[in-house]
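Following: one structure in structure tokens, then a few remarks.
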Amino acid sequence: MIDGRMVREQAGALREGVRRRGSLDKHGPLIDRAERLDRERRLTIQAVEERKAARNTASQEVARMKKAGENADELVASARELGADIARLETELAASQGEFDAILLELPNVTLPEVPEGDATKNVIVSTWGEPRAAGSVKPHWEVAEKLGLLDLPRGAKISGSGFIVYRGRGAKLQRALMNFSVDLHTREFGYEETQVPLFVNRDAMIGTSQLPKFEEDMYALRDDALFAIPTAEVPVTNLFREEILDGATLPLALTAFSACFRREAGSAGKDTRGLLRVHQFDKVELVRFSTPEDSPAQHELLTSHAEQVLQRLGIPHRRLLLAAGDTGFGSAKTYDLEAFAPGVGQWLEVSSCSNFGEFQARRASIRYRPASGEKPRFVHTLNGSGLGFPRTIAAILEHYQNPDGSVTVPEVLRPYFGSDVIR
RNA sequence: GGAGCGGUGGCCGAGAGGCUGAAGGCACCGGUUUGCUAAACCGGCAUACGGGGUCAACCUGUAUCGAGGGUUCGAAUCCCUCCCGCUCCGCCA
């Protein structure tokens with residue numbers, strides 16, 4: 001969340017931030033309201049604390065008088081009145097403070113200056129890698145997959161619903177090869193610590209990484225246990241250090257996690273949902289980094305390059321997009337999307353989204369670091385990106401590596417993990 | 001699921017209605033001293049939010065002893081609910 005102090009000291013920057021996202025109409029009035037609440041809140045704080053100070057001195061005087069054997073009844077009575085006053089003011093304070101806090105949770109992060117303003121049409125293609133095959137020159141992945149027996153979509157729909165994928169045989173194995181290859185790459189070459197984390201997390205964790213309260217309808221929830229299925233391993237991994245103060249010397253921290261991810265995709269029914277394009281449950285390797293504020297822009301480039309490396313080693317043509325403010329995620333200050341080209345469906349598919357959250361998540365989750373012994377704790381910057389999301393990566397492989405006879409060549413780096421060089 | 005015990009500052013650990021923002025120790029920082037390392041001694045050492053201010057270092061108020069409520073003039077201390085940990089029993093694997 002943004003710093004509450006910004007409401008008082010930099011309301012203009014906040015307004016400019018939401019304007020660049022194209023949501024001034026929606027968030028502007030919230031900022032106005034927050035400014036009023038902040039003034040109200042501080043006046044009430046003063047009033048409450050004045051009375052508490054008076055009560056504290058009175059209480060001490062009562063203690064003194066009783067010890068001296070004097071009658072303190074009168075003072076006790078007046079202190080009791082103060083207490084009633086305090087209770088009333090505290091109710092007021094809780095109301096304005098509560099509303100103020102709720103607004104803070106609703107306000108998106110302010111994007112960095114280099115992020116273009118406007119909606120997705122203003123996204124910038126930063127770079128392109130590889131030679132995409134002509135759109136429509138090959139069959140869409142679902143046709144190849146069906147012919148080769150890699151996916152069983154009807155049975156997935158039968159046991160869980162559409163958007164729940166059953167991988168079979170070499171389809172399942174391809175996924176496992178992808179997992180082992182990527183985790184090995186990130187741990188061996190790029191220095192990430194491998195983690196395995198819970199797939200269900202509590203509400204505090206979801207708030208910490210800013211999935212909640214805004215996007216509750218997109219989450220699967222186990223209401224009996226007050227747990228949510230994670231939409232990405234970003235949630236458990238980033239929250240690992242919630243309410244902790246890290247030793248500055250350990251930064252930057254780099255963690256990776258392979259996990260299943262669960263998304264209800266409410267509101268996107270029927271949109272790009274064929275085959276592996278948009279599913280409710282999928283596997284992904286996530287990269288998470290924690291850094292100092294000064295270092296986070298460089299860490300962001302580094303993390304994005306790690307995700308890109310996966311695509312390059314796989315030999316899949318792809319491009320990097322700098323998302324415009326309006327297309328940048330709620331909590332992100334800057335996001336690169338990596339898109340792989342899938343010639344069968346003729347589309348660029350988002351396979352990774354690499355974001356620098358600044359201190360937005362760290363503030364919510366209270367993840368701090370001490371720069372050096374004796375110094376004050378500061379919020380870390382959190383970053384994460386997928387490296388990569390598997391269904392769309394598999395879609396890209398099945399299309400890019402498709403041969404005229406309908407077989408699919410296995411990318412070279414996967415062969416040691418997959419066990420053969422072609423799926424036919 | 002049942003029973004018992006426990007949760008206090010960066011860490012360990014006292015305290016059992018007012019004298020406790022919290023003894024003592026460790027760690028850490030500054031100083032003195034010994035030719036280096038080490039030791040000894042002295043001093044310092046929480047966070048958040050208000051207010052004031054020649055506004056990053058100063059003064060002042062409030063809150064914080066797992067969380068949230070309650071009793072009281074006053075709660076780390078008493079009561080209730082919840083969370084977490086440990087031990088034992090039961091249940092499931």
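Predicted, not measured: the structure shown is a model, and the values here were computed from it. Chain A is the first sequence line, chain B the second, and so forth, proteins listed ahead of strands; every chain is numbered from 1.
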Among the nucleotides [options], which one has an atom lying closest to any side-chain atom of [X]?
| X | options | result |
| --- | --- | --- |
| A:Arg5 | B:G18, B:G51, B:C49 | B:C49 |
| A:Lys52 | B:U47, B:G51, B:U62 | B:U62 |
| A:Asn56 | B:G51, B:U62, B:G18 | B:U62 |
| A:Ser59 | B:U62, B:G74, B:G51 | B:G74 |
| A:Arg80 | B:G51, B:C73, B:U62 | B:C73 |
| A:Ala53 | B:C73, B:G61, B:U47 | B:G61 |
| A:Arg55 | B:G51, B:G74, B:G61 | B:G74 |

Say we look at [N] and [M]: how far apart would their [atom1] atoms be, to the nearest angstrom?
| N | M | atom1 | result |
| --- | --- | --- | --- |
| B:G24 | B:U32 | P | 25 Å |
| B:G15 | B:A75 | C1' | 13 Å |
| B:C80 | B:G21 | P | 26 Å |
| B:C29 | B:A39 | P | 12 Å |
| B:G74 | B:G17 | C1' | 8 Å |
| B:C28 | B:C11 | P | 15 Å |
| B:U60 | B:C55 | C1' | 15 Å |
| B:G9 | B:A46 | C1' | 6 Å |

In this structure, how many angstroms lie between the [atom2] atom of [N] and the [atom1] atom of [X], rounded?
| X | N | atom1 | atom2 | result |
| --- | --- | --- | --- | --- |
| A:Leu89 | B:G50 | CG | P | 17 Å |
| A:Asp101 | B:C49 | CG | P | 12 Å |
| A:Ile86 | B:G61 | CD1 | P | 16 Å |
| A:Arg203 | B:G68 | CZ | P | 18 Å |
| A:Asp85 | B:C73 | CG | P | 15 Å |
| A:Arg51 | B:G51 | CZ | P | 16 Å |
| A:Arg39 | B:C49 | CZ | C1' | 19 Å |
| A:Arg64 | B:G17 | CZ | P | 23 Å |

Might you confirm whether atom CD of A:Glu146 has over 12 heavy atoms from other residues, nucleotides or ligands at distances under 6.0 Å?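 No, CD of A:Glu146 has 12 or fewer neighbouring heavy atoms, counting only those of other groups under 6.0 Å.
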Please name the nucleotide paired to [N] by Watson-Crick or G-U wobble geometry with both distances under 3.5 Å, or report none.
| N | value |
| --- | --- |
| B:U20 | none |
| B:C58 | B:G52 |
| B:C65 | none |
| B:A93 | none |
| B:A14 | none |
| B:G44 | B:C28 |
| B:C78 | B:G70 |
| B:U34 | none |

Is the phosphate of B:G50 approached by A:Arg41 (side-chain N or O, under 4.0 Å from OP1 or OP2)? yes
Would you tell me if any nitrogen or oxygen in the side chain of A:Arg42 comes within less than 4.0 Å of OP1 or OP2 on B:C49? no
Say whether, by atom type as modelled, one donor and one acceptor occur between the side chain of A:Thr250 and the main chain of A:Leu246 under 3.5 angstrom. no
Closest nucleotide of RNA chain B for A:Leu75 versus for A:Gln46: which of these residues is on the 5' side? A:Gln46
Nearest heavy atom decides the nucleotide; on that basis, is A:Val62 or A:Ala54 closer to the 5' end of RNA chain B? A:Ala54
For A:Phe379, does the six-membered ring have the charged nitrogen or CZ of A:Arg364 within the cation-pi criterion, i.e. under 6.0 angstrom from the centroid and within 45° of the normal? no
Under 4.0 Å between a Lys/Arg side-chain N and an Asp/Glu carboxylate O for [X] and [Y]?
| X | Y | result |
| --- | --- | --- |
| A:Glu49 | A:Arg55 | no |
| A:Glu99 | A:Arg33 | yes |
| A:Arg289 | A:Glu193 | no |

Looking at every strand, decide which applies to [X] at a 4.0 Å heavy-atom threshold: base, sugar-phosphate, or nothing.
| X | result |
| --- | --- |
| A:Arg8 | sugar-phosphate |
| A:Ala63 | base |
| A:Ala58 | nothing |

Member of A:Thr209, A:Asn239, A:Asn109 meeting the side chain to side chain contact (heavy atoms under 4.5 Å, CB included) criterion with A:Gln361: A:Thr209
Heavy-atom side-chain proximity of A:Leu178 to A:Leu174 below 4.5 angstrom: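 The answer is no, as the side chains (C-beta and beyond) never meet within the 4.5 Å cut-off.
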